[in-house]
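Below is one structure; the comments refer to it alone.
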4 protein chains.
Amino acid sequence: MSRRDPAGRRRAIIEAAVEVIAENGIDAVTHRRVAAAAGVPVGSTTYYFKDLKDLVHAALSHATDLTVQGLDQWSQALEASTDPAATLAELTGDYLAERDRFRTVNELYTAAAHHPELRPLARAWSDGLTGLLIPHADPHTARAAAVFIDGALLHALIHDQPLDTTTLTTALTALLASHEPTPARQPAKPDQPRQGLGQTH
Amino acid sequence: MSRRDPAGRRRAIIEAAVEVIAENGIDAVTHRRVAAAAGVPVGSTTYYFKDLKDLVHAALSHATDLTVQGLDQWSQALEASTDPAATLAELTGDYLAERDRFRTVNELYTAAAHHPELRPLARAWSDGLTGLLIPHADPHTARAAAVFIDGALLHALIHDQPLDTTTLTTALTALLASHEPTPARQPAKPDQPRQGLGQTH
Amino acid sequence: MSRRDPAGRRRAIIEAAVEVIAENGIDAVTHRRVAAAAGVPVGSTTYYFKDLKDLVHAALSHATDLTVQGLDQWSQALEASTDPAATLAELTGDYLAERDRFRTVNELYTAAAHHPELRPLARAWSDGLTGLLIPHADPHTARAAAVFIDGALLHALIHDQPLDTTTLTTALTALLASHEPTPARQPAKPDQPRQGLGQTH
Amino acid sequence: MSRRDPAGRRRAIIEAAVEVIAENGIDAVTHRRVAAAAGVPVGSTTYYFKDLKDLVHAALSHATDLTVQGLDQWSQALEASTDPAATLAELTGDYLAERDRFRTVNELYTAAAHHPELRPLARAWSDGLTGLLIPHADPHTARAAAVFIDGALLHALIHDQPLDTTTLTTALTALLASHEPTPARQPAKPDQPRQGLGQTH
DNA sequence: TATGAATGAGTCTTCATTCAT
DNA sequence: GATGAATGAAGACTCATTCAT
């Protein structure tokens, strides 16, 4: 991040932008604010990114990468777990404790609502999470669990306390236990197609 | 919205602001844009609202009112239903079909993340929904269902299609059927509705 | 041009812009420079013109109006003259003595080369002049004389002295005396079509 | 334009600058744009030219050289012609068909209006042309013809079509046939070519 | 009461130029 | 010799807000 270190400087700017997004929202991202946060002159932020849009995209992309990388650990933890639902609830609880992380994810979601070009990025988290659960549930169930976790994100956003572990565990247990339609109870539809994630594409 | 009708003019401005929020996000709200959308002179927007913040707050408040008022219908429908989970899924599906409505809710959520004074407003929807479900489930379960529905909102935001009714129904059924992991303490509500899957379509 | 005089203020800005164009060229027109020349704050120049392009267009349009209005006098003088060519030469000489005027015309020509939307404006002078001469010469001859006068403009631009009256008179006399094809010498083509100004459209 | 060829690289930059001038005007010349057009790194444009002004000057100078060199052919063609006016009209027509060429000349003219140091360059074309005609007409007449041709340049700039050959021929014939209003002083050149209209097409 | 006029602050962006490597 | 990095200056434009009328 010092002089003559292009890669480092670029990264410093991106990280500063991520910080601003988490703290103040995407629309608070200005060249000046990011430059100040990164400790570089304003000119640098326009030198490394052709556009403010470009800078924001890079920042969101970086944050998404980190978040999605974190899913590897979820995957391993679930693999090793004897009670996936409880483990998932725990992981979710940890995730919701990182305000900056999930705030950034939500900013991305909101921005994606108005800017379709951000949607693939926005889907990375929710689809990644869904995919992660596939080994432990059928696709629709996995999706439902991921949706619930995103709901918990919104909940944490507007309440001072995130959802408690108990509620998370109970809900996720119930969701993961569901299958649709329940084969045992409705043997008439024994092997329904499992064509992946539905609306995900 | 015509001259000589202060109240109507004020309302026209608020509604225009809600429109702008739904379509372009909270940060796209400017006096000029709202005035243009409402078909009133720019001066009006500063005359009726001391501040832009004030105007935005009024708009979000108005939108929240409408949304919360809609919950009455949910309440009645659930009351009359023999399969609350299925009914809830159906209501949710209808809600997710109104892009402007749920987009506005999400804008409010996101703004509330950075502006605590908006949180009470933001909680109106999720708390109202939770309260609504109390007659049909224990508080934690009700909360979990409301959380799931908010998750479905995020899902709809970034996918071209909202979650399908089947997934909604399955998930909500599972959630409502769940109960706190200490069932011994709540034997008083033994017969919550558990009528199976009851697909509506 | 004082406070609270919208029309006057707008005009002051336009006139300042014309001044800047004449003195420094179209590309020297900036909000700041014009504001300084007009003695108004920068904000005013953006308040009255949505765009810098808009401001430049207004300025060029204003200058063209003035110039074209001047053609009325040319018309009357030619009408009253017993020697149109000499009179035209004299008028041209006067015109070339007004540096600001013809410089502005030339700036318009040059800008029109890159910006087609300015061409109608640019043609106003040359077409107006051509039309003016129609009573005194056939259309092609009139056009040729107008073209010559524009050439004299360029000449004046890059020489310290404009073309002397003698050269102007001689040339314009020769041009106006020409007719094409000379009916007397080529009686075979006596009444060639006179469909207006040719490429002017 | 390849590495290890300083002279070629310098020329490539100059030619790219000429291109930019012809297409977008002198004020569109920036280091970045020229570098992009030339396919060289931005640094090169500052390495080979101390200044942007320097680069522009070099480009205009280069373009003027080419244009003036082209006058040799005009000279030869006129020498060989039995009808100089018609030949001149034809040459002018060809010249006006090269948009890039005459646009560049005009850019130079316009720039020269504001930057006296460019005037010698600007005069090269018009003076060269005048000199060229001296063998075929007295100096004032030659000047008048050159002036007319520059007028035709302006005409072409703002109309979609350049002046037609007929108009050019008629006008140039008339001009070259003219002589100072004091014919008594120049009986020495009694038999300038006056072969009539001699249309080339 | 209502509104068009007015403006200073703040933002994005482009760019000439300098300089370390 | 050559060039990518770096930055401060300058310009277009938007806007919230104030205010005269």
Side-chain angles (χ1 to χ4, degrees), chain A residues 2-10 13 27-35 40-56, chain B residues 3-6 9-10 13 27-36 40-56, chain C residues 2-10 13 27-36 40-56, chain D residues 3-6 9-10 13 27-35 40-56:
Chain A
S2 60
R3 302 224 151 201
R4 294 280 140 185
D5 175 10
R9 200 156 246 245
R10 193 172 197 280
I13 293 173
D27 291 283
V29 176
T30 67
H31 287 120
R32 276 154 186 69
R33 220 184 305 252
V34 171
V40 302
V42 187
S44 289
T45 61
T46 60
Y47 178 72
Y48 284 97
F49 303 91
K50 80 173 211 298
D51 228 62
L52 193 59
K53 215 175 93 175
D54 196 31
L55 171 53
V56 168
Chain B
R3 301 217 149 214
R4 305 275 90 200
D5 176 9
R9 191 158 259 232
R10 193 171 196 281
I13 294 173
D27 290 278
V29 176
T30 67
H31 288 121
R32 282 157 184 69
R33 221 184 306 256
V34 171
V40 303
V42 190
S44 292
T45 60
T46 57
Y47 179 70
Y48 287 98
F49 303 88
K50 91 172 207 296
D51 228 54
L52 193 61
K53 214 174 94 175
D54 194 32
L55 171 52
V56 168
Chain C
S2 59
R3 300 223 151 201
R4 295 279 140 186
D5 175 10
R9 198 156 248 243
R10 193 172 198 280
I13 293 173
D27 291 283
V29 176
T30 68
H31 287 121
R32 279 156 184 69
R33 220 185 305 253
V34 171
V40 301
V42 187
S44 289
T45 61
T46 60
Y47 177 72
Y48 284 97
F49 303 90
K50 80 174 211 298
D51 229 61
L52 193 60
K53 214 174 94 176
D54 196 31
L55 170 53
V56 167
Chain D
R3 303 219 148 212
R4 305 275 90 202
D5 175 9
R9 192 158 259 232
R10 194 172 196 281
I13 294 174
D27 289 278
V29 176
T30 67
H31 288 120
R32 280 156 184 70
R33 222 185 303 258
V34 171
V40 303
V42 189
S44 291
T45 60
T46 57
Y47 179 71
Y48 287 100
F49 303 89
K50 93 172 205 298
D51 227 57
L52 194 60
K53 215 174 90 176
D54 194 33
L55 170 53
V56 168

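Note on naming: letters A, B, ... go to the chains in the order of the sequence lines (proteins, then strands), and numbering restarts at 1 for each one. Every value quoted in this text rests on a predicted model; they were computed, and no experiment measured them.
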Reading 5' to 3' through nucleotides 14-21 of chain F, protein heavy-atom contacts under 4.0 Å coded B for base, S for sugar-phosphate only, - for none: BBBBBBSS
Complementary nucleotide of E:dT21, counting Watson-Crick and G-U pairs under 3.5 Å: F:dA2
Complementary nucleotide of F:dC13, counting Watson-Crick and G-U pairs under 3.5 Å: E:dG10
How long is the line joining [atom1] of [X] and [atom2] of [N], in whole Å?
{"X": "C:Asp27", "N": "F:dG11", "atom1": "CG", "atom2": "P", "result": "13 Å"}
{"X": "C:Arg9", "N": "E:dG4", "atom1": "CZ", "atom2": "P", "result": "18 Å"}
{"X": "A:Asp54", "N": "E:dT14", "atom1": "CG", "atom2": "P", "result": "11 Å"}

Determine the minimum heavy-atom distance between [X] and [Y], stating which atoms define it.
{"X": "B:Arg9", "Y": "B:Pro41", "answer": "NH1-CD, 3.8 Å"}
{"X": "D:His31", "Y": "D:Asp51", "answer": "NE2-C, 4.5 Å"}
{"X": "A:Ile13", "Y": "A:Val34", "answer": "O-CG1, 3.6 Å"}

CZ-OG1 distance between D:Arg10 and D:Thr45, expressed to the nearest 0.5 angstrom: 12.0 Å
OG1-CG distance between A:Thr46 and A:Asp54, expressed to the nearest 0.5 angstrom: 11.5 Å
Touch class at under 4.0 angstrom, heavy-atom based, for B:Phe49 against every strand present: nothing
Residue A:Ser44, side-chain atoms from C-beta onward, closest of F:dT7, E:dA5, F:dT3: F:dT7
